[in-house]
Amino acid sequence: MSLSWHWRDWPLKAKLLFLTLSTSALGIALVCFSLATLESRNYRNQMASELDTIASILAEQSAAAVLFEDRGQLNNILKSLQRIDTIQLGCIYDTAGNLLSELAQTSNAGSCPDLAMPQRLGFTDDHYQLLAPITVDDDTIGQLFLKCHLEVLDHHIRTFALAALGIGLVILVFVAIVAIRLQRVIAQPILALSDTAGQITQAHDYSLRAPVAGNDELGQLGKVFNEMIGTIESQNRRILNSQRELERTVEERTAELSLANRELEAFSYSVSHDLRQPLRAIDGFSQAMQEDCAGQLDQTARDYLSRVRSAAVRMGHLIDGLLILSRVSRQPLNYETVDISAMTSEICRELVEMNGDPPTRIDIQPDIRVGGDSRLLRIAFQNLLENAWKYSAKKPERRIEITAEPGQHAITISIRDNGAGFDMKYAEKLFTAFNRLHSPAEFAGTGIGLATVYRVIRRHHGNVSAHSVLGESATFHVNLPLPA
């Protein structure tokens with residue numbers, strides 16, 4: 001693994017040079033080995049042929065002496081082998097295998113073998129042995145045994161191998177010189193391409209182009225690289241133009257939004273001050289007429305005055321709801337850890353103090369904590385609990401249950417009541433402003449409370465949903481992030 005990583009870190013020139021030299025060295029080594037093997041085989045065959053010829057000549061010369069058992073003549077014949085350094089041992093036998101003459105030229109030549117035993121002939125270890133028949137008129141009258149050492153053969157092969165190795169090294173040096181020149185030719189375009197890519201990466205200047213040399217694969221690679229850089233340059237230009245256009249659009253939209261916010265603030269101020277004043281006058285004069293002129297009015301007029309006052313009160317509540325809805329949409333968030341259990345307990349105590357009928361049972365799961373703005377979350381949960389309080393007022397016993405189920409990143413808080421509930425086919429309209437699923441005669445309200453809840457929860461990147469059984473219960477599920 002370490003060698004592999006080192007190889008990957010090598011420069012391209014070094015890789016090309018190493019591959020060229022290693023391939024060439026392997027080829028030269030295989031050629032030298034093949035030539036040495038072939039030369040060794042040829043020299044062995046030549047040596048065997050020469051010794052066979054010598055043995056044939058000696059066998060022909062010693063035929064008469066063997067026939068008449070002339071040992072002196074046989075000794076003289078074997079002494080002629082002293083001029084041949086490679087022959088260590090010469091032996092002449094009769095037909096019965098009896099030794100007639102022997103010549104040992106070296107101290108380690110050994111003794112003539114017993115022909116009664118099987119003999120290893122040919123090349124054996126570091127010797128060559130042969131056994132030639134001595135014949136007269138095609139009749140074998142004896143045997144000639146020769147034993148030769150292979151020092152000359154070994155010396156010849158070593159000399160040949162050294163010569164081949166020297167020639168191979170000379171060739172490898174020449175190949176290295178040529179490879180260095182060729183790898184420059186091959187690597188230069190790739191290195192130029194790499195340098196250009198590095199300059200583009202550092203300077204982010206997509207106007208740079210890599211030099212292109214030739215129409216081979218490297219030339220085509222350079223052309224494709226330049227085309228790719230040109231495409232990136234044009235795309236960057238379009239992106240920059242789009243970014244500037246987007247920035248202008250954002251600035252325009254921001255200015256429009258700022259203007260809209262200022263208009264909304266002016267509208268809120270107008271609603272809070274300008275509309276409330278005539279509304280208070282209508283309610284005040286209506287009350288004065290009821291109190292001071294009641295005796296001068298018939299029942300119908302008194303009923304009309306009562307309706308006027310009720311409408312004025314309802315209008316005041318509607319204005320309050322609109323102001324709250326506007327404020328929760330614009331008020332900046334102040335994130336902190338909020339104890340929902342403590343908050344809802346306080347809201348429920350306030351509701352019990354205002355109206356404790358019918359008897360109420362409230363179950364709140366302890367230690368429910370979320371991350372968010374405590375002021376806005378109080379507005380949301382107060383609206384949800386006031387709804388639960390209001391819509392369960394007609395039950396013999398009001399029951400409200402607050403539970404929580406934590407997840408990995410968020411927590412789902414459920415507020416369940418045993419009130420009037422609603423038809424689930426209208427659930428999509430539940431969180432839309434001014435949409436009410438019950439008539440004012442059944443349950444009073446402005447239709448803004450749940451819209452306010454929805455905006456508060458969405459501003460906290462949460463979600464709110466509801467499930468109900470008409471006439472039995474309603475459950476609101478609020479999903480909020482866990483505290484950081």
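- The shortest distance between side-chain heavy atoms of I239 and N236 falls below 4.5 Å.
- No side-chain donor-acceptor contact under 3.5 Å links R238 and N241.
- Using a 4.5 Å cut-off on side-chain heavy atoms (C-beta onward), L351 and Q382 make no contact.
- The environment of E405 atom CD is sparse: at most 12 non-hydrogen atoms of other residues, nucleotides or ligands sit within 6.0 angstrom.
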Go through it in stages, so that I can follow the logic: the residues are V352 and W389, the test is side chain to side chain contact (heavy atoms under 4.5 Å, CB included), and I'd like the CA-CA distance, side-chain angles, deciding distance and then a yes or no. CA-CA 9 Å; V352 169; W389 201 269; 3.2 Å; yes
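- At least one side-chain heavy atom of Q365 sits under 4.5 Å from a side-chain heavy atom of I368.
- A donor-acceptor pair under 3.5 Å is absent between the side-chain atoms of E401 and the main chain of D363, judged by distance alone.
- With rounding to the nearest 0.5 Å, the separation of CG in L384 from CD1 in I457 is 7.5 Å.
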Start with the C-alpha gap between L333 and L376, add the side-chain angles, then the distance that decides, and say whether side chain to side chain contact (heavy atoms under 4.5 Å, CB included) holds. CA-CA 8 Å; L333 297 180; L376 295 182; 3.2 Å; yes
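- R416 forms no cation-pi arrangement with F476, by the criterion of a distance under 6.0 Å to the ring centre and an angle within 45° of the ring axis.
- S468 places a side-chain N or O within donor-acceptor distance of the main-chain N or O of S473, the cut-off being under 3.5 Å.
- Atom OH of Y128 sits in a crowded spot, with more than 12 heavy atoms from other residues, nucleotides or ligands closer than 6.0 Å.
- Within a 6.0 Å sphere centred on CE of M117, heavy atoms belonging to other residues, nucleotides or ligands number 12 at most.
- Within the 3.5 Å criterion, the main-chain N or O of L450 finds no donor-acceptor partner in the side chain of N383.
- Taken from CZ in F160 to CG in L165, the straight-line distance is 12.0 Å, to the nearest 0.5 Å.
- With hydrogens and angles disregarded, a donor-acceptor distance shorter than 3.5 Å links the side chain of S345 to the backbone of S341.
- To the nearest 0.5 angstrom, L377 atom CG is 9.0 Å from E336 atom CD.
- Atom CG of L240 is separated from atom CD of Q235 by 12.0 Å, given to the nearest 0.5 angstrom.
- The backbone N or O of N334 sits less than 3.5 Å from a side-chain atom of D373, completing a donor-acceptor pair.
- Between Y43 and H156, the ring-plane angle classifies as parallel under the 30° and 60° cut-offs.
- Interatomic distance, CD1 of I413 versus NE2 of H477, reported as 12.0 Å (0.5 Å rounding).
- Between T452 and I379, the closest side-chain pair of non-hydrogen atoms falls below 4.5 Å.
- Taking the side chain as every heavy atom from C-beta outward, H467 and M424 approach each other to under 4.5 Å.
- For R361, the CZ atom sits in a loose shell: 12 or fewer heavy atoms of surrounding residues, nucleotides or ligands are nearer than 6.0 Å.
- Remark: side-chain polar atoms of E291 are not paired, donor with acceptor, to backbone N or O of M289 under 3.5 angstrom.
- Look at E247 and R253 and you find no salt bridge, because none of the NZ, NE, NH1 or NH2 atoms lies under 4.0 Å from a carboxylate O.
- Between the side chain of R158 and the backbone N or O of L162, no donor-acceptor pair lies under 3.5 Å.
- No side-chain heavy atom of L169 sits under 4.5 Å from any side-chain heavy atom of F174.
- The main-chain N or O of P358 is found under 3.5 Å from a side-chain atom of T360 such that the two form a donor-acceptor pair.
- Other residues, nucleotides and ligands place no more than 12 heavy atoms under 6.0 Å from the CZ atom of R399.
- Taking the charged nitrogens against the carboxylate oxygens, E346 and R378 do have a contact shorter than 4.0 Å, which makes a salt bridge.
- Residues N479 and V464 form no side-chain contact, since every pair of their non-hydrogen atoms from C-beta on lies 4.5 Å or further apart.
- In the displayed structure, Y335 atom OH is contacted under 6.0 Å by more than 12 heavy atoms of other residues, nucleotides or ligands.
- For the side chain to side chain contact (heavy atoms under 4.5 Å, CB included) test with I364, the passing option among I400, I415, T344 is T344; the others fail.
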Q408 and L482: CA distance, side-chain angles, deciding distance, side chain to side chain contact (heavy atoms under 4.5 Å, CB included) verdict: CA-CA 8 Å; Q408 186 174 3; L482 289 169; over 6 Å; no
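- Listed for the N45 side chain is a donor-acceptor partner under 3.5 Å among the backbone atoms of R41.
- The distance from atom CD1 of I340 to atom OG1 of T337, rounded to the nearest 0.5 Å, is 10.5 Å.
- Remark: the backbone N or O of V456 is paired with a side-chain donor or acceptor of H460 at under 3.5 angstrom.
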